[in-house]
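The structure appears below as structure tokens.
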Amino acid sequence: MFELLIPFFLLVLFFFVLFLIWRIKARKYISSGTVASAYDAWTQDKLLERLWGEHIHLGFYPSEKNIDFRKAKVQFVHELVKWSGLDKLPKGSRILDVGCGIGGSSRILAGHYGFNVTGITISPAQVKRARELTPNGLNCYFQVMDALDLKFEDGSFDAVWSVEAGAHMNDKTRFADEMLRTLRPGGYLALADWNSRDLVAYPASFFEKLVLKQLLEQWVHPNFISINEFGNILRNNKNSSGKVISENWNSYTNPSWYDSIIEGIRRPFAILSLGPFAIVKSIREIPTILLMNWAFRKGLMEFGVYKCRG
């Protein structure tokens with residue numbers, strides 16, 4: 001009888017150890033430096049790139065058809081360009097990509113639309129990798145810079161683009177200030193981000209508070225705010241035209257969460273080729289991904305997209 005219970009105890013022990021690793025190795029936000037360190041680590045171990053490709057953001061899934069995980073990410077870029085009006089800009093327009101990651105969106109903006117793109121990220125490792133992935137002759141330039149302290153003159157860009165960067169900013173108002181300051185009058189802002197629902201109008205339950213705490217602590221997020229709250233920050237900014245349009249794209253982006261786990265099954269050698277520790281690292285992210293999926297599916301979290309003019 002005891003021998004039959006051994007596999008059960010070993011399985012319980014395995015999951016207990018994974019839980020301890022998940023909690024002990026939590027990536028709490030302390031400063032912008034912790035964000036940089038987290039993305040440096042994710043970039044250098046190459047696990048995220050092997051699984052997600054060059055786009056470290058969610059995908060866009062049209063309701064009428066199935067779409068490959070990586071193709072959905074490319075589709076997301078084109079959908080946000082079209083929705084925000086960036087496709088109305090002429091070739092050669094100056095675009096700032098705030099929180100550019102390893103340059104996936106920047107390369108599409110430059111290669112497909114003919115824009116002159118400057119990508120900034122707080123992670124030196126991401127800048128290095130973005131430069132490595134960018135073909136010679138493509139008008140993409142990357143540099144290390146804090147989004148809360150942009151080193152550009154006022155009105156330097158025809159458009160500002162930012163995807164899933166704002167959740168890492170501890171000062172959302174300054175984040176908006178810096179982007180809109182560098183946007184020329186009449187220029188386009190296209191932004192997508194992770195938001196919570198309006199927690200003042202619809203307070204979180206005890207369980208929801210626990211979930212939000214983990215979502216903040218696991219992926220270096222200082223805080224989440226609602227779509228309406230960030231929309232009002234943009235609307236009231238002195239450099240904004242005041243007309244801000246926002247939407248919740250949960251229905252288009254939510255399949256990304258399960259797909260990001262399934263991708264490890266589709267491409268097992270992407271993980272195995274990086275060694276045994278990569279397996280542990282990939283498994284370590286699954287609880288957070290599942291919590292993210294639950295939170296977005298239940299409406300506790302919302303995928304906000306925003307457009308406005310300078």
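Starting from 1, each residue takes its place in the sequence as its number.
- Ion pair R181/D154 flagged as a salt bridge, since at least one NZ, NE, NH1 or NH2 atom sits closer than 4.0 Å to an Asp/Glu carboxylate oxygen.
- Residues that satisfy the side-chain hydrogen bond (donor to acceptor under 3.5 Å, both in side chains) test with N250, not counting sequence neighbours, are absent from this structure.
- Counting heavy atoms from C-beta on, the side chains of W161 and L109 come closer than 4.5 Å.
- No donor-acceptor distance shorter than 3.5 angstrom exists from the side chain of S162 to the backbone of L191, with no hydrogens or angles considered.
- Atom OH of Y29 has more than 12 neighbouring heavy atoms from other residues, nucleotides or ligands inside a 6.0 Å radius.
- With contacts defined as side-chain heavy-atom distances shorter than 4.5 Å, the pair I120/D97 does not qualify.
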Quick one: do K307 and W83 satisfy side-chain contact (heavy atoms from CB on, under 4.5 Å)? Show the steps, please. CA-CA 8 Å; K307 60 180 175 180; W83 180 82; 3.7 Å; yes

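- Here the CG atom belonging to D177 is positioned 8.0 Å from the CG atom belonging to D171, to the nearest 0.5 angstrom.
- Rounded to the nearest 0.5 Å, atoms CG (L47) and CZ (R284) are 11.5 Å apart.
- Looking only at atom types and distance, the side chain of S226 has no donor-acceptor partner in the side chain of N195 under 3.5 Å away.
- At a threshold of 4.5 Å between non-hydrogen side-chain atoms, the residues Y61 and S256 count as touching.
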Show, in sequence, the C-alpha distance, side-chain angles and deciding distance for C140 and R131, and conclude whether the side-chain contact (heavy atoms from CB on, under 4.5 Å) test is met. CA-CA 8 Å; C140 276; R131 290 171 177 170; over 6 Å; no

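- To the nearest 0.5 Å, the span separating OG1 on T288 from CD on E217 amounts to 10.5 Å.
- Taking both residues in full, the closest heavy atoms of G53 and I102 are given as O-CD1, 4.1 Å, listed atom of the first, atom of the second, then distance.
- Considering only heavy atoms from C-beta on, Q143 stays 4.5 Å or farther from V127 through its side chain.
- Taking the side chain as every heavy atom from C-beta outward, L58 and K73 never approach each other to under 4.5 Å.
- Note on V163: it does not cluster hydrophobically with I227, by side-chain heavy-atom contacts below 4.5 Å among ILVMFWY residues.
- The minimum heavy-atom distance linking N223 with N170 is given by the pair ND2-O, 3.8 Å.
- Each of K91, K88, R94 was checked for a salt bridge (charged side-chain N to carboxylate O under 4.0 Å, His left out) with D158, and the lone residue meeting it is R94.
- Partners of D45 according to the salt bridge (charged side-chain N to carboxylate O under 4.0 Å, His left out) rule, which considers only residues two or more places apart in sequence or in another chain, are K281.
- Residues S240 and L180 approach most closely at CB-CD1, 4.0 Å, considering heavy atoms.
- Nearest heavy atoms, W42 versus E285: NE1-OE2, 4.0 Å.
- Note that NZ of K82 and CG of L80 are 11.5 Å apart. Values are rounded to the nearest 0.5 Å.
- Follow the hydrophobic side-chain contacts under 4.5 Å out from F230 and you reach L148 in the same cluster.
- A donor-acceptor pair under 3.5 Å is formed between the side chain of D193 and the backbone N or O of A167.
- Between the side chain of E178 and the backbone N or O of L150 there is at least one donor-acceptor pair closer than 3.5 Å.
- Of the possible donor and acceptor atoms, none in the side chain of N293 sits under 3.5 Å from a partner among the backbone N and O of I289.
- Between the side chain of R27 and the backbone N or O of Q218 there is at least one donor-acceptor pair closer than 3.5 Å.
- Within the model, atoms NE2 of H221 and OG of S196 stand 12.0 Å from one another, a figure rounded to the nearest 0.5 Å.
- H168 contributes no side-chain N or O that, together with a main-chain N or O of V35, makes up a donor-acceptor pair within less than 3.5 Å.
- Here the side chain of S156 pairs no donor or acceptor atom with the backbone of F152 at under 3.5 angstrom.
- Ring orientation note: the planes of F60 and W249 are nearly perpendicular, at an angle over 60° on the 30°/60° scale.
- Exactly one of F76, Y252, W257 qualifies for a ring pair (Phe, Tyr, Trp, His ring centres under 6.0 Å) with F303. That residue is F76.
- Between V74 and H55 the shortest side-chain heavy-atom distance falls below 4.5 Å.
- In this structure, L215 and F224 have side chains that are in contact, with non-hydrogen atoms separated by less than 4.5 Å.
- Ion pair R266/D259 flagged as a salt bridge, since at least one NZ, NE, NH1 or NH2 atom sits closer than 4.0 Å to an Asp/Glu carboxylate oxygen.
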Begin with the C-alpha distance, continue with both residues' side-chain angles, and end with the deciding distance and a verdict on side-chain contact (heavy atoms from CB on, under 4.5 Å) for L96 and V117. CA-CA 6 Å; L96 176 63; V117 183; over 6 Å; no

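- Between S32 and D146, the shortest heavy-atom contact is OG-OD2, 4.0 Å.
- Taking a cutoff of 4.0 Å between a charged side-chain nitrogen and a carboxylate oxygen, E54 and R107 qualify as a salt bridge.
- For the pair W294 and V211, the minimum side-chain heavy-atom distance is below 4.5 Å.
- Side chains of D40 and S123: a donor on one and an acceptor on the other come within 3.5 Å.
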Working note: K46 + E49, criterion salt bridge (charged side-chain N to carboxylate O under 4.0 Å, His left out); need CA distance, chi angles, decisive distance, verdict. CA-CA 5 Å; K46 294 191 175 179; E49 182 183 341; over 6 Å; no

Take L133 and R129 through the test side-chain contact (heavy atoms from CB on, under 4.5 Å) and record every step on the way to the result. CA-CA 6 Å; L133 291 170; R129 187 61 181 143; 3.5 Å; yes

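- Under the 4.5 Å side-chain heavy-atom criterion for ILVMFWY residues, no single connected hydrophobic cluster contains both L89 and V98.
- Atom CD of E132 sits in a crowded spot, with more than 12 heavy atoms from other residues, nucleotides or ligands closer than 6.0 Å.
- A continuous path of Ile, Leu, Val, Met, Phe, Trp and Tyr side chains, each step under 4.5 Å between heavy atoms, connects M169 with L189, placing both in one hydrophobic cluster.
- Taking the six-membered ring where the residue is Trp, W219 and W194 present tilted rings, their angle falling between 30° and 60°.
- Taking the charged nitrogens against the carboxylate oxygens, E208 and K213 have no contact shorter than 4.0 Å, which rules out a salt bridge.
- F142 and I95 fall into different hydrophobic clusters, where Ile, Leu, Val, Met, Phe, Trp and Tyr side chains are chained together by heavy-atom contacts under 4.5 Å.
- In this structure, R309 is positioned above the aromatic face of Y188, its NZ or CZ under 6.0 Å from the six-membered ring centre and within 45° of the axis.
- Counting all heavy atoms, side chain and backbone alike, F175 lies closest to G166 at CE2-CA, 3.5 Å.
- With rounding to the nearest 0.5 Å, the separation of CZ in R197 from CG in N228 is 13.5 Å.
- Partners of K151 under the salt bridge (charged side-chain N to carboxylate O under 4.0 Å, His left out) rule, at least two apart in sequence or in another chain, are D149.
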